[in-house]
Amino acid sequence: MPQDLSDIVAEVCRDVQNEIGTGRVADYIPALAKVDPRKFGISIVTCDGKTANAGDADELFSIQSVSKIFTLTLAAEKIGAALWERVGREPTGSAFNSIVQLEHESGIPRNPLINAGAIVVTDVLLEGNGPQQTIDSIIAFLRRRADDDTIQFDPEVARSETETGDRNASLAHFMRGFGNVKGQVADVLHVYFRQCAITMSCRQLARAGLYLAHAGSDPVTGEEVVSEARARRINAVMMTCGHYDASGDFAFHVGLPGKSGVGGGILAIAPRHASIAVWSPGLNEVGNSLVGSLALERLSALTGWSVF
Ligand code: GLN
């Protein structure tokens, strides 16, 4: 087994080389359909300051649902345990944009990492703030966490999501009908589509997630971002719900808390070890990065970082 982190990353890249370009790029958001499916990047930042990057690690991509980890962090900080009265923490076994369970469960989404749950989380952030202020504060949080003031959202992706966002609008209206979305649907979606349209590189994303690998605090700045208990909870929700109805499969093969997005990015957390971001735009049938998942499976096997 290679010991050096860059050797491990090189081996992961070799192992997935033949698969690069497989999977289907998300096309239900037209702006995402233009992305080159042969892109592949990986970045690792360890709690003790080592980094390794390979492939297209510095190229910006649409983080999409990976943003849900950061909005969950902010909403938990804002209202604490009261958040769990508005959203559950159970996996769904359904697609990320499914509406079926919401009626039976009175407008309370199963977890904060499916679209319905993330829309409620965004609504929590919006309470007492305007839409512009809310998206600004999400971006400011990411800039601080990634130590990079250039992070932005892509207005073209945001527009594309707005134009094709009927399912998300349905979810939001439905939950508002149950009183579980309190703001105006247009405002909530304004923020939600922009948070999904944030672009980051693997290097920025891995750095931004480091507090979750380091018991809630940033090992570089020493800042406590969330308490140790809260970091543990966020990781638990990532492990059980971060890959939609393939969360069990991801836990089985990779064994790390992780969150995917339909842009092809995955943020994975190896508690006490490292934060890892991979990007490969081709998705499997559930909407998770195909090559990204394979790369994390190899990385987990080579490093022994699986939590199991
Ligand atoms: N913006 C996407 C949507 O709302 C996010 C979904 C995802 O990344 N799985 O449909």
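Indexing begins at 1, ligand by ligand and atom by atom, following the structure's order. We use all heavy atoms of the structure for the numbers below, so side chains are in, but hydrogens, waters and symmetry mates are not. Just so you know, residue 1 is the first one in the sequence shown, and it goes up from there. Note that the coordinates shown come from a computational prediction; the quantities given were computed from them, not determined experimentally.
Judged as a salt bridge (Lys or Arg N to Asp or Glu O under 4.0 Å), not a single pair has a partner in residues 252-273 (not counting sequence neighbours). Residue pairs meeting the salt bridge (Lys or Arg N to Asp or Glu O under 4.0 Å) criterion with at least one partner in residues 87-112, sequence neighbours excluded, are Glu105-Arg110.
Cys196 and Ser62 make their closest contact through O-OG, 3.4 Å (heavy atoms, listed as atom of the first residue, atom of the second, distance).
The pair Arg24-Asp27 counts as a salt bridge, with a side-chain nitrogen and a carboxylate oxygen less than 4.0 angstrom apart. With salt bridges taken as basic N to acidic carboxylate O contacts below 4.0 Å, one links Asp123 and Arg86.
Partners of Arg298 under the salt bridge (charged side-chain N to carboxylate O under 4.0 Å, His left out) rule, at least two apart in sequence or in another chain, are Glu11, Asp15.
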Which protein N or O atoms sit under 3.5 Å from any N or O of ligand 1? Give each pair with its distance.
unit_1, atom_1, unit_2, atom_2, d
ligand 1, 1 (N), Gln64, OE1, 2.6
ligand 1, 1 (N), Glu161, OE1, 2.6
ligand 1, 1 (N), Glu161, OE2, 3.4
ligand 1, 4 (O), Asn115, ND2, 3.1
ligand 1, 4 (O), Asn168, ND2, 2.9
ligand 1, 4 (O), Tyr192, OH, 2.8
ligand 1, 8 (O), Ser65, N, 3.2
ligand 1, 8 (O), Ser65, OG, 2.6
ligand 1, 8 (O), Val262, N, 2.8
ligand 1, 9 (N), Ser65, OG, 3.0
ligand 1, 9 (N), Tyr244, OH, 2.7
ligand 1, 10 (O), Tyr28, OH, 2.6
ligand 1, 10 (O), Asn115, ND2, 3.3

